[in-house]
Amino acid sequence: MRKPIIAGNWKMNMTPSECAKLIGELRPLVGHAACDVVVCPPFTGLAAAKAALAGSTIRLGAQNVHWAEKGAYTGEVSAAMLKELGVEFAIVGHSERRQYFGETDEGVNKRARAALAADITPIVCVGESLDQREAGETEARVGAQAKAAFKDMSAQEAVRVVVAYEPVWAIGTGRTATSEQAEETIAFIRAIVRELYGEAVAQAIRIQYGGSMNPKNAAELMAMPDIDGGLIGGASLKAADFLQVVHYSAEGTK
Ligand code: PGA
């Protein structure tokens, strides 16, 4: 049984006080949602967000995590640092990290494994570019990213991972994948997990869609059998929009 999970990726938006304000707007309304709801503020907003979330069922996520326990990695943040702030999820391998900050499949795997070791759930992002989709390379690219992300991970670890399928051409563009396109690729990712870990893990692992998901398209995407939630960027910055996505998603355990 898979419980849907909706995560808001706030990206490089929101000062600490703005994080607290947005959570103040969300929490009275999200309280009873039947899906997992996660907000991922920037690192600097995590402490204020945690305080604002006190007593709420909304959970806290970070937007990245480093693989080393500590040391000379200027600008990076370790899993233990996040854990102490009450962080339970960490996005890894977001396409913006891969595109602008040189993150590699190997680094994504190391970050995901470090998160798991600290009992933080990694939300591992995979997705093809427009060129790759048009060249018919979607499955090759997404399959390679997924296999690399799970490298050296046991089945017990893999089942705790959340995968986010985010076609790069759909992120922040207003151009959503059709629900059929999203379902097709997410079912393909589930098949990769089946190949690596067997049926039980494939049936249990949660795979989200991300890329211009919003109140208008969430119900249709969530109706697809393999789509277990969403990683929401732009629409997560507006309480009313995020709440609508949460409510469309709260309808069914799959
Ligand atoms: P978007 O971003 O919803 O603004 O397209 C999604 C994401 O990048 O996680």
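One-based numbering, in listed order, for ligands and for the atoms of each.
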Return the orientation label for the Y73 and H66 ring planes: parallel under 30°, perpendicular over 60°, tilted otherwise. tilted
Report the part of A170 (side chain from C-beta onward, or backbone N, CA, C, O) that has a heavy atom under 4.0 Å from ligand 1; answer both or neither where that applies. backbone
Would you mind telling me if ligand 1 is within reach of the side chain of I171, the backbone, both or neither, using heavy atoms under 4.0 Å? both
Within-cut-off N or O pair, G172 and ligand 1, under 3.5 Å: yes
Which ligand 1 atoms does N9 reach within 4.0 Å, using its non-hydrogen atoms? 9 (O)
Where ligand 1 meets G211 - atom numbers and elements under 4.0 angstrom, heavy-atom basis: 5 (O)
Residue and atom name of the nearest protein heavy atom (relative to atom 4 (O) of ligand 1), distance in Å to one decimal: G234 N, 2.8 Å
for atom 3 (O) of ligand 1, nearest protein heavy atom and its distance come out as G233 N, 2.9 Å
Checking Q208 now: which residues fulfil side chain to side chain donor-acceptor pair (under 3.5 Å) with it, not counting sequence neighbours? none
Under a single-linkage definition using a 4.5 Å side-chain heavy-atom cutoff for Ile, Leu, Val, Met, Phe, Trp and Tyr, are I207 and I6 assigned to the same hydrophobic cluster? yes
Would you indicate which of E166, H94, K11, Q63 comes nearest to atom 2 (O) of ligand 1 when only heavy atoms are counted? K11
Quick one: does S212 get within less than 4.0 Å of ligand 1, heavy atoms only? yes
Pick one: which of D36, D228, T121 meets side chain to side chain donor-acceptor pair (under 3.5 Å) with R206? D36
Kindly state each residue pair satisfying ring pair (Phe, Tyr, Trp, His ring centres under 6.0 Å) with at least one member in residues 86-114, sequence neighbours excluded. none
Counting only heavy atoms not in Q244 (residues, nucleotides, ligands), do more than 12 fall under 6.0 Å from its CD? yes
Would you please indicate if the ring centroids of F188 and Y165 are separated by under 6.0 Å? no
